[in-house]
Each structure stands twice: as C-alpha cells, then as structure tokens.
Amino acid sequence: MADGEEGGPREKFNFDLSSTEHERAERLYAILARSKKFYRYPTGTILFLSEGRFQEQTDPWTFNGSLVSLVSFETGKGKFRSLEYKDLAALLASQARFSLPVIEDIITSPKVFDTGRGPELFKPGLNAIGKYQVYYARHPDPTIIEPEPLPGVEHLKACFAPFPVVGPGDLANVIAWLVGGVVYGNMTTPLLMVNGNMPGLGKTTLIQAVAYILEGKDVAATPAYGSEFSKNVGAKLASTDHIVLLDNVVTRGGREFDNPDLSTYLTQPSTDIRKLGTNEFHSGRQLLFAMSINNARLATDIALRSLVVQLNSERSVPLVPYPLKYARDHRRELYGELLGLALSRPGPVPLPDYSFRFVDWWNTCAPRVSPYFGPLCLSRAAVDAATQEVVDLLGDLQEFTPSDLLTRIDSQVDAYGSIIDRLGKGSERSRITRLGKLLAPLIDVKTAVVGAPAMTLRKRDVKPASYFIERGE
C-alpha cells in the first residue's frame, strides 16, 4: 500500500471507467470526507488541510497534488493510473463535493464565542458555533506559542498611550474595536476611522498596529478606490485574513469618499465575493475594516458605519514607545489582554442618547472596555442631523408608505427641519425619491433608539414602495 501524507497509507481507489462520472465522484468524496483533510466552504469551494493551513482547490492540478497524498488511483486490474486533466476537472466541479464537511470560516488566532452560557475560547480544530462550523487552525510551528487570556490592560495602555487622542473616549473606541476583533459571532463591526487635524500624528501607524495585534503579522493596505476593491477584499478572504486596511484616504474638490461595496460589507456578518472569471466564491465572516483619512469628506453611508478616533496636536511629535514596534514585540501580551476582556462578564452599558446602528457590537464590546478606559466616544460618529430626525420620525410607526411619511414631515416642519432641507422643493414625486435615499441606509440594519427597543426598518418588495418596522432588543 502506498504511503500518503506524513507516511500514512494511501487508500486505493478503483477508477472504474464502466461506472458513471457521478458514481466515481460519489465514491471518491466519501473517502475524502472521512480523511479529515478535505472540507468545503458553503459555496462549494474545496479546502485541503496541509501542515495546519488550508489550501483552496480551484485548479485541477493543485487538486491532483492534494488527492494523491491520500488516494492511490488504480485501474480495474490493480495497476496504477494517473488521472487526466479532464478527469480532475470533472471531479473538482462535481456536485458530489457538497458531501464534504462544511467549514463556515477559518481562524488562525484564538477567539472567543458566546455559547449561550457565557463566553468561551475556541478549541483547536473544528468548533460548532450554533449552525456554523469554524476551524481554528493553530500555527504549524510548535515553537510558536499562541496567545492565552491575561488579566488587566497594562500592555494595551502602553501601546496606545503615545497617540495624541482628543479624549479618553477615542482610546476607548480603539480598544473596543480590538475586543470586537477577538470575539466571533453573528455581529457586524463598524469601520474604525482614524482622523487627525494635521499630517504626522500617527494615523497610519495606529491602523497598522491594530492590524498587527489581531493578525500577528504586518497587513498591507488595500486601495480604497476603483473596480479592483472587491477583488482585493476577496484575496484577503482567500488568505484567511480578516482585516482590510484603507490608508490615507483623501478627497479633493469638495467630493465625498464613497464606496458602495464597503458600505455593504460593513452591514453583513458574512461576506461572499465571486472569484474573477469563475462561479466560485471567496467566503468569510466578520471581516474588519480600518481606515485613516486626511482631510476627507465621507458619504453618508460610510459615515453612518464608522467609529471615529480623532487625533489632535499643534505639532507633529515622535511616538514613544513606537506603537507598531511595541505591537510586534508584545503581540502575545496585547492579544492575551484582549482575550481576557472578551471573556469577562460585565453588566450592560446603556447606549448614548442618540442612534447607533451596531447594537450587538456595542452590547458586546462597550461593557468590557468601559471599566478600564471609560465610556466610548460616539459623539464624533458621523450621524448627520437628517438621519437622526428620520430615526425620531419612525419612532412610533409600524407600517407606512413614503407618501404617508411625507405628509407627517410637512405637518411638523419645526421638528424635521433637517429632513425638509434635504428633501428640497419640487414635486411630490421628486421629494419622495429623495426621502427614499434618506431611508435607504437604515433598511435591514438594527438601529438603537433612545428609551425604546432597537428597531429594524424593512422594505417590502412591492410597488408603490411600502415599509414596516420590526422592534426588539
């Protein structure tokens, strides 16, 4: 019997040409499913586990190299048989691949998840998180020690103290965003947006440091513009990275920075991106985005999805100790302190007295960070007056049409002045169109409401347009 990976025996497989293509595929995938080496994403992309890391099997010859480490292909007479390209391509595309065990996501650093009984750490290998299977692939080098939960926040304070933040709430925002990065669940995370009143304050260094702490390696920036954006994000998912850095975003001539794909990713707990030129998808959960901006104006959809960290100084000063070097030198301790925070069980922290759409994220992160760093600062979150008025306007409604809403707005001019400014003058039809654009960022997003349960605005797929509101914590 031939030897397979790590010297183990390879299973013989009779590639019987008298059987159908589908029958051969079913027999082969039954072997692969038992091997604990072959898995698949929900989209059907095949994964091969080798030396602690997963390799996507999208090319027939790559697939062949993985197969022959486990299977010895033979003819009906017991002779060795090499598979041809067309055989491999047919096996790779076969619907039988959906019999492989499903992996929803792959993580390469320890994370915390809520079991329903409280927070717990992932175990190496497959973990069942509700209906999802998540694989924690520890580093294959046994000399590399994975982070473990640590008490306190000594290293987190030392790493981020050099940044000239406007107030303690800005630092609390950074730590809360990092805590969200070590918690795995069905929640969306706001864009970490780092702004400054002048160049040279460390905006780029800050987003590089948070990325290194969470990923354990330097993370290259992704271009924030152009048609290649989704392709680049897909490449991140293919490498099992979970952080996208958008560095030094600048706008000129009064233009706003807008990226509809980014806005969509920020409101989805899972991401599927089609691979270029194929019917396959890159898949992953809890993709995180951090951005540094320089005199940039943001489109409303981006601004509403941002957690702002404001740096301010009269002059550029050296950052001592240099935070990125500190992150590299003390990554285990920094990550360990984040795990310690994530595993804590504090009481709830009420939301501030205005709308914030990332309710689950707030309930997870704010209570764990506030005892050490004080309240988070959401007052700089770019929720414009018109959007806040829309949330107030929907406060006691259950179902409505845009025409109903417009009548209500016009009957209470003093209460909804910002909305009226945005709607402008013109025909009822043109004002209803503008009103629809104001409602769009709130659709299918859980939004906090002061003194009331969170609300989610839904739009019915009918004409004329009709909306309804779901309420609940």
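Since the structure is predicted, the reported quantities are computational estimates derived from the model, not experimental observations.
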Practice prompt. Show your working on side-chain contact (heavy atoms from CB on, under 4.5 Å) between Ile432 and Leu405 and close with a plain yes or no.
Written response: CA-CA 9 Å; Ile432 284 177; Leu405 211 56; over 6 Å; no
Worksheet entry | Residues forming a ring pair (Phe, Tyr, Trp, His ring centres under 6.0 Å) with Phe160, sequence neighbours excluded | none
Practice prompt. Please step through side-chain contact (heavy atoms from CB on, under 4.5 Å) for the pair Phe48 and Leu32, ending with a clear verdict.
Written response: CA-CA 10 Å; Phe48 177 63; Leu32 302 185; over 6 Å; no
Response to the item:
For residues 99-128, the ring-ring contact (aromatic ring centres under 6.0 Å, His included) pairs (sequence neighbours left out) are Phe113-Phe122, Phe122-Tyr184
Worksheet item: Hey, does the side chain of Arg305 reach the backbone of Ser263 with a donor-acceptor pair shorter than 3.5 angstrom?
Response: yes
Practice prompt. Test side-chain contact (heavy atoms from CB on, under 4.5 Å) on Leu435 and Ile409 and set out the steps.
Written response: CA-CA 10 Å; Leu435 180 58; Ile409 292 167; 4.0 Å; yes
Worksheet item: side chain to side chain contact (heavy atoms under 4.5 Å, CB included) with Asn363: which residues, sequence neighbours excluded?
Response: Val359
Worksheet item: Is a donor on one side and an acceptor on the other found under 3.5 Å between the side chain of Ser344 and the backbone of Leu341?
Response: yes
Discussion item. Once side chain to side chain contact (heavy atoms under 4.5 Å, CB included) is applied, do any residues pair with Lys157, and if so which ones, sequence neighbours excluded?
Written reply: Val153, Phe373
Worksheet item: Can you tell me if Asn173 uses its side chain to pair, donor with acceptor, with the backbone of Val308 under 3.5 Å?
Response: yes
Worksheet item: Checking Glu337 side chain against Leu156 main chain: does a donor-acceptor pair fall under 3.5 Å?
Response: yes
Practice prompt. Give the minimum heavy-atom separation between Arg331 and Glu215, together with the two atoms involved.
Written response: NH2-C, 3.8 Å
Practice prompt. Return yes if some donor-acceptor pair links the side-chain N/O of Lys111 with the main-chain N/O of Gly181 below 3.5 Å, else return no.
Written response: yes
Discussion item. Classify the ring geometry of Phe54 against Tyr135: parallel below 30°, tilted from 30° to 60°, perpendicular beyond 60°.
Written reply: perpendicular
Worksheet item: Do Thr407 and Asp404 get their side chains close enough for a donor-acceptor pair, meaning under 3.5 Å?
Response: no
Worksheet item: Is a side-chain donor-acceptor pair under 3.5 Å present for Asp247 with Ser292?
Response: yes
Worksheet entry | Distance-only donor-acceptor check, side chains Thr62 and Gln55, under 3.5 Å | no
Discussion item. Given 3.5 Å as the limit, does a donor-acceptor pair link the side chain of Glu104 with the main chain of Pro42, or not?
Written reply: no
Discussion item. Could you check whether any side-chain N or O of Trp361 sits under 3.5 Å from a backbone N or O of Trp177, counting only pairs where one atom can act as donor and the other as acceptor?
Written reply: no
Discussion item. Consider side chain to side chain contact (heavy atoms under 4.5 Å, CB included). Of Val179, Val182, Leu150, Val183, which one does Leu339 pass it with?
Written reply: Val182
Discussion item. With a 3.5 Å distance limit and no angle check, can you tell me whether Arg40 reaches the backbone of Val102 through a side-chain donor-acceptor pair?
Written reply: no
Discussion item. So does Ala342 get a backbone contact from the side chain of Arg368, meaning a donor-acceptor N/O pair under 3.5 Å?
Written reply: yes
Worksheet entry | Sequence neighbours excluded - ring-ring contact (aromatic ring centres under 6.0 Å, His included) pairs with any residue from residues 304-346 | His155-His330, Tyr326-His330
Discussion item. Is it the case that the side chain of Asn127 and the backbone of Gly125 share a donor-acceptor pair, with hydrogens and angles ignored and the cut-off at 3.5 Å?
Written reply: yes
Worksheet entry | Atom CD of Glu120: over 12 foreign heavy atoms under 6.0 Å | yes
Fill in: Closest non-hydrogen atom pair between Cys159 and Ile213, with its separation
SG-CD1, 4.4 Å
Discussion item. Applying side-chain contact (heavy atoms from CB on, under 4.5 Å) to Leu287 and Thr189, what does each step give before you reach the verdict?
Written reply: CA-CA 8 Å; Leu287 201 59; Thr189 299; over 6 Å; no
Discussion item. Using a 6.0 Å cut-off, check whether atom OH of Tyr372 has over 12 heavy atoms from anything other than its own residue.
Written reply: no
Worksheet item: Looking at residues at least two apart in the chain, or sitting in another chain, which of them share a side chain to side chain contact (heavy atoms under 4.5 Å, CB included) with Ile443?
Response: Leu457, Lys459, Tyr467
